[in-house]
Visitor: 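To start, I am sharing the structure in question, which I have written as structure tokens.
Keep in mind that the numbers below use all heavy atoms, side chains included, and drop hydrogens, waters and symmetry copies. Order of the sequence lines sets the chain letters (A, B, ...), proteins ahead of strands, with each chain counted from 1.
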There are 2 protein chains.
Amino acid sequence: MGPLDAYLPYLLNRAGARIAAAFGDEVRPLGATLQMWRVLAALGERDGRRMGDLSETTSIEVSTLTRLVDGMERKGLVARRRDEADARAVALHVTPAGRRLTQRLIPIAERYETVALQGFDAREAEMLKVFLQRLFTNMDALKSPHRRRG
Amino acid sequence: MGPLDAYLPYLLNRAGARIAAAFGDEVRPLGATLQMWRVLAALGERDGRRMGDLSETTSIEVSTLTRLVDGMERKGLVARRRDEADARAVALHVTPAGRRLTQRLIPIAERYETVALQGFDAREAEMLKVFLQRLFTNMDALKSPHRRRG
DNA sequence: CTCAATTATTTGTAAATGCAAATAACTGAC
DNA sequence: GTCAGTTATTTGCATTTACAAATAATTGAG
């Protein structure tokens, strides 16, 4: 137990980094990364999302997302199409290969959930998730540099 | 509420990234970063730690830490000294300037704690921390690539 | 004492990241 | 219809990061 253990951001970051690293190691043999999984999961829920939408839901910065999607496109997992309604926007679509990969990733993600939450009962697991949601919302309120006008 | 909201690693990463970004924005004017704060906090607890020790307690990869410490040394916040007992190792010491900066960072870190935990009562806050500790421990058990022998 | 094996740190290098500038397309005022 | 202002995405670039190789020093076997 170090001194940092008292600080929430540290605890959060540390736990998050560990899970992310472990998950990443696990999916690398499939040619996937954690970030790819996020994109695929978001598109699995609703296909044809725009980059901005995807950036929002995955919490991946747009410029990072652009390059991530470049790679996924090269791998044939997704395809960019111009949005019909608004030609500024790009709609991202999963390909059959992307769908197959998604299907293989889902059980891995679920298994990780189990491993991470070992020793938690259902009520505790749910509480943790709710706490994290709340925490995110709290921080969202002051998303610093580009403050809401005022 | 997106589809990813059900997945713990995502919730964790998202909340962690938000706090980290906000904290980073806040301390940038002081010439500090989140990672520097971690190092200073660890050294504040016990000065003269070795790089490896620091890497362990801050969860910053050693090679990353080396370069981070390079920068902190240039800024005059810390000083490397050869460890007396073992000349392979480097002992890091905080300078007076580093101590002054630490003193200014502590209240910021505490304020962030408060902001992040707005709406949490003391019991909930404590629970969250314990959960995050447990989660980290769970993942630690399988720290994948360099598996424990067996 | 000497050498091989181990341990602590740093450096090389490639990939990921994020901000800001550039590009492309839409919108509304006129 | 044209143009200024806005919005969506990409690109440029500098920073951060991590893995692996290189360096430096210790330890124990002989």
Visitor: When the distance from CZ of B:R82 to P of D:dT23 is rounded to whole Å, what number comes out?
Guide: 15 Å
Visitor: Between atom CG in B:D83 and atom P in C:dT10, what is the gap in whole Å?
Guide: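 Rounding to the nearest Å, CG of B:D83 and P of C:dT10 are 12 Å apart.
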Visitor: CG of A:L34 versus C1' of C:dA15: gap in Å, rounded?
Guide: 15 Å
Visitor: Return the value, rounded to whole Å, for the distance between atom CD of A:E56 and atom C1' of D:dT9.
Guide: 15 Å
Visitor: Keeping B:E26 on the side-chain end and B:I108 on the backbone end, is there a donor-acceptor pair under 3.5 Å?
Guide: no
Visitor: Where the side chain of B:D86 is defined as all heavy atoms beyond and including C-beta, which of C:dT17, D:dC19, D:dA25 is the nearest nucleotide?
Guide: D:dA25
Visitor: If you find the nucleotide of DNA chain C closest to B:D70 and the one closest to A:A85, which residue's nucleotide is nearer the 5' end?
Guide: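 With B:D70 and A:A85 compared, the 5'-side residue is B:D70.
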Visitor: What is the distance from atom NE2 of B:H93 to atom CZ of B:R49, rounded to the nearest 0.5 Å?
Guide: 12.5 Å
Visitor: How close or far is atom P of C:dT13 from atom CZ of B:R67, stated in whole angstroms?
Guide: 11 Å
Visitor: From C-beta outward on B:A87, which listed nucleotide comes closest to its side chain: D:dT26, C:dT10, D:dA18?
Guide: D:dT26
Visitor: Rounded to whole Å, how long is the line connecting atom CZ of B:R18 with atom P of C:dG18?
Guide: 12 Å
Visitor: Would you indicate what B:R50 reaches in the nucleic acid, counting non-hydrogen atoms under 4.0 angstrom: base, sugar-phosphate, or nothing?
Guide: sugar-phosphate
Visitor: When we call it a touch if two heavy atoms are under 4.0 Å apart, what does A:R80 touch: a base, just sugar-phosphate, or nothing?
Guide: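 It contacts sugar-phosphate atoms only.
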Visitor: Of the listed nucleotides (D:dT9, D:dC19, C:dA25), which one gets closest to any side-chain atom of B:E61?
Guide: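 Minimum distance to the B:E61 side chain belongs to D:dC19.
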Visitor: Can you tell me which nucleotide in C:dA8, C:dC26, D:dT11 comes closest to the side chain of A:R88?
Guide: C:dC26
Visitor: Which nucleotide wins on minimum distance to the side chain of A:Q35, given the candidates C:dA20, C:dT17, D:dA18?
Guide: C:dT17
Visitor: Ring-plane angle category for A:F120 and B:F131, please: parallel below 30°, perpendicular beyond 60°, tilted otherwise.
Guide: tilted
Visitor: Starting from C1' on D:dT17, measure out to CE on B:M36 and report it in whole angstrom.
Guide: 15 Å
Visitor: Check this for me, if you would: do A:K129 and A:E113 make a salt bridge, where the nitrogen-to-carboxylate-oxygen distance has to be below 4.0 angstrom?
Guide: yes
Visitor: Could you check whether B:W37 and A:Y7 have their ring centres less than 6.0 Å apart?
Guide: yes
Visitor: Would you mind telling me which of D:dA18, C:dA25, D:dT10 lies closest to the side-chain atoms of B:T64?
Guide: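 Within the option list, the nearest is D:dA18.
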